Amino acid sequence: MTGLRYVYAVCRPFGAALQAQVGGVAGDPPRLLTHRGLVAVVSHVPEADFAEEPLRSHLEDLDWLTATARAHQQVIDALTAVTTPLPLRLATVFRDDSGVRVMMEEREESFLRTLERLDGRVEWGVKVYVESAGEQPGAAAAEKPASGREYLLQRRRRTRAGEEMWQRAEEFATRLHQALSGRADDARLHAPQNPALSGAAGRNVLNAAYLVPRDHSEEFVELVDRTKDDVPGIRVELTGPWAAYSFAEENGGTEDSREDRS
């Protein structure tokens with residue numbers, strides 16, 4: 001089949017088959033391209049969409065970008081079920097198989113080193129949110145103040161309650177992160193999510209990723225579950241298991257990377 005080569009991930013050779021229903025980006029099922037001790041997972045994609053100029057335009061198209069990211073993630077999820085992949089960035093594209101092999105050869109040492117560090121491990125994400133006063137159980141609308149003095153008192157009480165909630169949330173998030181880090185091989189603290197962009201309710205006070213041995217994931221999940229109702233007004237969200245995106249320091253390019261190699 002002709003076309004450019006879209007690369008999802010690099011991994012070590014593995015024997016298990018990927019899920020048959022995985023379609024891949026642009027509808028082309030992923031295949032394995034072996035070079036020395038590494039395997040690149042690739043699909044054929046059309047130049048009309050993934051050559052430099054059309055790709056730059058598509059990356060500004062939210063619908064196209066969402067569909068491509070979803071197909072990309074489905075392949076990564078299928079790989080994570082059978083091996084330890086090193087995910088590459090979205091829209092990492094090469095001219096042909098030879099270009100992919102050159103990339104693997106040039107980065108062979110760093111790929112193997114990172115794959116050794118990630119072997120048998122998955123990423124779990126944990127977020128902690130402080131719910132607004134109106135979202136907290138039992139919260140009721142304040143009565144209309146009878147005077148200016150009563151209005152100021154109400155404002156002062158709300159301010160004090162908000163400050164106390166933030167303090168409790170920060171203390172809770174610190175304790176939780178310390179406890180989870182103790183059960184993980186590595187941890188990453190990401191910047192809090194902007195609620196206007198994420199659409200999540202409440203304010204994000206902890207946004208962390210944890211690198212956990214696959215065999216210890218059940219104990220890690222149970223530890224998170226035991227904390228979920230510890231503090232009223234605070235919500236804990238757990239996601240995963242994922243491929244170790246946050247710990248894949250050698251991930252081969254930028255979000256809109258494209259390399260022409262002939």
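Source: prediction; values computed, not measured. Throughout, numbering of the chain's residues begins at 1 and tracks the sequence.
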Requested in this report: Run the salt-bridge test on Glu109 and Arg113 with the 4.0 Å N-O cut-off and return the result as yes or no.
Outcome: yes
Practice problem: For the pair Tyr8 (side chain) and Gly24 (backbone), establish whether a donor and an acceptor sit closer than 3.5 Å, ignoring hydrogens and angles. | Solution: no
(Q) Hydrophobic clustering (ILVMFWY, side-chain heavy atoms < 4.5 Å, transitive) - are Trp242 and Trp124 grouped together? (A) no
Scanning both residues in full, the closest heavy-atom pair of Val212 with Phe220 reads CG2-CD1, 3.8 Å
For Glu47, is there an ion pair with Arg95 - N to carboxylate O distance below 4.0 angstrom? yes
Leu90 versus Tyr6: any side-chain heavy-atom pair under 4.5 Å? yes
Measure up the Trp64 and Phe50 rings against each other and bin them: parallel (under 30°), tilted (30 to 60°), perpendicular (over 60°).
-> tilted
Only residue of His177, Glu123, Arg183 satisfying side-chain hydrogen bond (donor to acceptor under 3.5 Å, both in side chains) with Tyr210 is His177
Leu65 and His58, any side-chain heavy atoms less than 4.5 Å apart:
no
Next item on the list: For side-chain contact (heavy atoms from CB on, under 4.5 Å), just list the numbers for Val39 and Thr83, CA-CA rounded to whole Å, side-chain angles, deciding distance to a tenth of an Å, and then say yes or no.
Entry: CA-CA 11 Å; Val39 173; Thr83 188; over 6 Å; no
Between the CG atom in Leu33 and the CE atom in Met103, the distance rounded to the nearest 0.5 Å is 9.0 Å
*asked:* Do Lys127 and His190 make a side-chain contact, defined as non-hydrogen atoms from C-beta onward lying under 4.5 Å apart?
replied: no
- Phe172 and Leu206, any side-chain heavy atoms less than 4.5 Å apart: no
Practice item. Test Leu223 against Glu219 for side-chain contact (heavy atoms from CB on, under 4.5 Å), laying out the working first. Key: CA-CA 6 Å; Leu223 178 58; Glu219 292 90 339; over 6 Å; no
Quiz item: cation-pi between Arg235 and Tyr129, 6.0 Å / 45°
yes
Heavy-atom side-chain contact between Arg188 and Tyr245 under 4.5 Å: no
If you define the side chain from C-beta out and look only at heavy atoms, does anything of Leu180 sit under 4.5 Å from Thr227? no
For this session: Step through the shown structure and confirm whether more than 12 heavy atoms of other residues, nucleotides or ligands are within 6.0 Å of NE2 on His35.
Result: yes
Pairwise side-chain contact, Arg31 with His44, heavy-atom cut-off 4.5 Å (strictly under): yes
dist Asn194:CG -> Arg203:CZ (nearest 0.5 Å) comes out at 9.0 Å
All heavy atoms of Arg5 vs all of Val100, minimum pair found to be CB-CG2, 3.9 Å
For Arg121 and Glu116, the nearest pair of non-hydrogen atoms, with its separation, is NH1-O, 4.3 Å
_Treating Ser43 as the side-chain partner and Asp28 as the backbone partner, does any N or O pair qualify as donor plus acceptor under 3.5 Å?_
yes
Hey, are the side chains of Pro85 and Val41 touching, using non-hydrogen atoms and a 4.5 Å cut-off?
no
Rounded to the nearest 0.5 angstrom, the OG-CG distance for Ser110 and Leu115 is 9.5 Å
Would Glu170 and Val205 count as a side-chain contact (heavy atoms from CB on, under 4.5 Å) here? Give the steps. CA-CA 7 Å; Glu170 290 174 355; Val205 294; 5.5 Å; no
- Message: Tell me if a side-chain donor or acceptor on Arg214 pairs with a main-chain N or O of Pro241 at a distance below 3.5 Å.
- Response: no
Decide side-chain contact (heavy atoms from CB on, under 4.5 Å) for Leu112 and Arg36; before the verdict, give the C-alpha distance in whole Å, the side-chain angles of both, and the deciding distance to 0.1 Å. CA-CA 11 Å; Leu112 289 173; Arg36 295 159 69 114; over 6 Å; no
Between the side chains of Arg56 and Glu53, is the shortest nitrogen-to-carboxylate-oxygen separation below 4.0 Å, so that they form an ion pair?
yes
